[in-house]
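Data first, discussion second: the structure below is written as structure tokens.
Here is the naming used below: chain letters follow the sequence lines, and residue numbers restart at 1 for every chain.
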Amino acid sequence: MTDNTNNKAEDTKSLNFIEHIIEEDIREGKHEGRIHTRFPPEPNGYLHIGHAKAFCLDFGLAEQYGGKCNLRFDDTNPAREDVEYVDAIKEDIQWLGFEWEDREYYASDYFGELYHYAEKLIRKEKAYVCHLSAKEISDNRGTPTEPGKDSPYRNRSVEENLELFAKMKAGDFQDDTCTLRAKVDMTSPNMHMRDPILYRIRHIAHHRTGNEWCIYPMYDWAHGQSDSIEGITHSLCTLEFEVHRPLYEWFIAELGIFPSRQIEFARLNLSYTIMSKRKLLQLVENGQVSGWDDPRMPTLSGLRRRGYTSDSIKNFVNTIGIAKRNNVIDVALLEFAVREDLNKKAPRVMAVLDPIKLIIDNYPDDLVEELETINNPEDESMGVRTMPFCKEIYIERNDFMEDPPKKFFRLAPGREVRLKSAYFVTAQSFEKDENGNITVVHCTYDPDTKSGSATVTRKVKGTLHWVSAKHALDAEVRQYDRLFMDSDPDGHKDKDFMEFLNPDSLTIIKGCKMEPSLSSARYPDHFQFQRLGYFNCDKDSTETNPVFNRTVPLRDTWKQKK
RNA sequence: UGUCCGAUGGUGUAAUUGGCAACACAUCUGGUUUUGGUCCAGAAGAGUCCAGGUUCGAGCCCUGGUCGGACAACCA
């Protein structure tokens, strides 16, 4: 949260609905005022900005109310999960500055305890071993508007169930031959209460428990009980689990265990992007992006590589709020968040992406001046540096126009502009190649207009960035645009999200000219390329081929008017 | 024909729990500026999905609608 919103939040005591619940719980002395949350990712993919919303809430609330937040991997499905993801998930959470100390847990840590809970349910005649096939179970479950039918195995004896369940665990049965089901109510209007499956048989090695188990708990059975075992007071999850809550509470009541409370909030949706892990995986596997950390991905690793700062993401997440209604956040808000943060932090440098040579005819041939320039006008403590200046420099191709419109403030024949931190120059002539493209612009400079000298009082409308031709560093720049051309690529019943992929989401520009100080840039150093945008050094960058990503362009009111 | 949830400017969230609907982004003016950035000043934009009811008073409470979302994996 920024200082600003924080102050406002405290002044007006503007709370989201979960904070209201928590404060009321504290007021009433529930759980002795203890607040304990958890973030429960499944290690089957990388975390994205939507997960950031969730874990900033989980960890943030714990921080805010002097409680704790556990990191718990929900690893109950060995077929889809992998340690690669565990490490990536931890790195992303730490990147945003959250700490779980020694509370790194795994649902698989509780397999033993869960097994005993299941036996307890069997003894209470609240669970049974069912030999129906997946198809039969599905057929018997009914539909949302029609009740289901009882399984023929529903009423066997406690002893028989206990024995069969032990055999399931012992590996006496093949995959998919039977399940352990809770005995709730096949006629419930809530589908999740129609004798949900607790365990299925899978003879697969688990990334943590190896071959110790061949029965694996389902989400509803593992998740809630894990919350309870850890003494979680407020278990926050997204809206789609709302219909699971009655079951969550049924287990607590039947087992008589610690009553964690599940609270649901609306997940984050961002315009022009998709947030489904499955679909993001599809982009990775089809090679539409270079990996989970492709700078166009909404993953935290992608945003990090793109040049987003962790502060900007936290600020963003705290700005969007928490509620229960479905929402779509404008990506412009995310972009605002990085600009706001980088404006304060990023040193200003000069880089010319589409160079055209500017020759200062009246400047001494061999003279090189070291001109001083400020690193960040927003933060004087960032100091100054010098840039070499000489007779031939590069400017941006679109900063010169042969025949400009009246509101064009840049260079044109006979027009004078300022070269940032250097001199005023006036364009005199230009050269074209056989195709009519301008190749060189000739100008003259006024020695009395040197930056910092107060000798000239006349004003110029435009200021251009530039790089000394002789000293320029050649570099590659990767410009990114939105990955999808539709504001809601995932929201069309008749069309696949892949149809909306933007073919121009990545533009690689080689031969960009940069000021020499950039040779020391290393991943993930952030910069503002003056007049262009915020950029960061990419991890592909090398000594011989420096690479920069455009994080986000500067706000451009000129372009909008054109 | 079911159950659950939701509905406040273009977008997102607030509203001291029943007291003149506020903040941010986006948009548009004007000013400052050695970045057409930043910053500063200002404008426009909702009367809270609809219809009733309770009340001195309703975005908040009640009733009935409408619209939107979730739920029928041995996924989470």
Using the ring of [Y] (Phe, Tyr or Trp, six-membered ring only), decide whether [X] places NZ or CZ under 6.0 Å from its centre and within 45 degrees of its axis.
X        : Y        : answer
A/Arg72  : A/Tyr105 : no
A/Arg181 : A/Tyr128 : no
A/Lys420 : A/Trp466 : no

Under a 4.0 Å N-O cut-off, is there an ion pair linking A/Asp172 with A/Lys167?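 No salt bridge links A/Asp172 with A/Lys167.
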Does the pair A/Arg200/A/Asp176 count as a salt bridge with the N-to-O cut at 4.0 Å?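 No, no charged N to carboxylate O under 4.0 Å.
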Base, sugar-phosphate or nothing for [X]? Non-hydrogen atoms, less than 4.0 Å.
X        : value
A/Leu464 : nothing
A/Arg194 : nothing
A/Gly148 : nothing
A/Tyr423 : nothing
A/Pro377 : base
A/Glu146 : nothing
A/Lys407 : base
A/Val328 : sugar-phosphate

Dot-bracket pairing map - RNA chain B, Watson-Crick plus G-U, both contacts under 3.5 Å, | cross-strand: .((((((..((((.....[..)))).(((((.......))))).....(((((..]....))))))))))).....
Looking at B/U34, B/G37, B/A14, which one has an atom nearest to any side-chain atom of A/Lys459?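 Nucleotide nearest to A/Lys459's side chain: B/U34.
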Euclidean distance for P, B/A41 against B/C23 (whole angstrom):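 Going atom to atom, P in each nucleotide, I get 13 Å.
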In whole Å, what separates the C1' atom of B/U32 from that of B/C40?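 Each nucleotide's C1' atom is 7 Å from the other's.
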Would you mind reading off the distance between A/Leu419 atom CG and B/U35 atom P, rounded to a whole angstrom?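 Distance, rounded to whole Å: 13 Å.
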Protein-nucleotide distance (A/Lys461, atom NZ; B/U32, atom C1'), rounded to Å: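 Whole-Å distance recorded here is 14 Å.
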Give a yes or no on this: more than 12 heavy atoms of other residues, nucleotides or ligands lie within 6.0 Å of atom CD of A/Glu28.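 Result for CD/A/Glu28: enclosed.
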Could you check if the base of B/U17 is syn or anti? Syn means the glycosidic torsion is within 90 degrees of 0.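 Here the answer is syn: the torsion falls within 90° of 0.
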Residue that, paired with A/Asp195, satisfies salt bridge (charged side-chain N to carboxylate O under 4.0 Å, His left out) out of A/Lys149, A/Arg141, A/Arg154, A/Lys183: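 It is A/Arg154; the other options fail the test.
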Using a 4.0 Å cut-off on protein heavy atoms (strictly under), produce a 5'-to-3' string for nucleotides 67-76 of chain B with B for base contact, S for backbone-only sugar-phosphate contact, and - for none. --SSSBSBBB
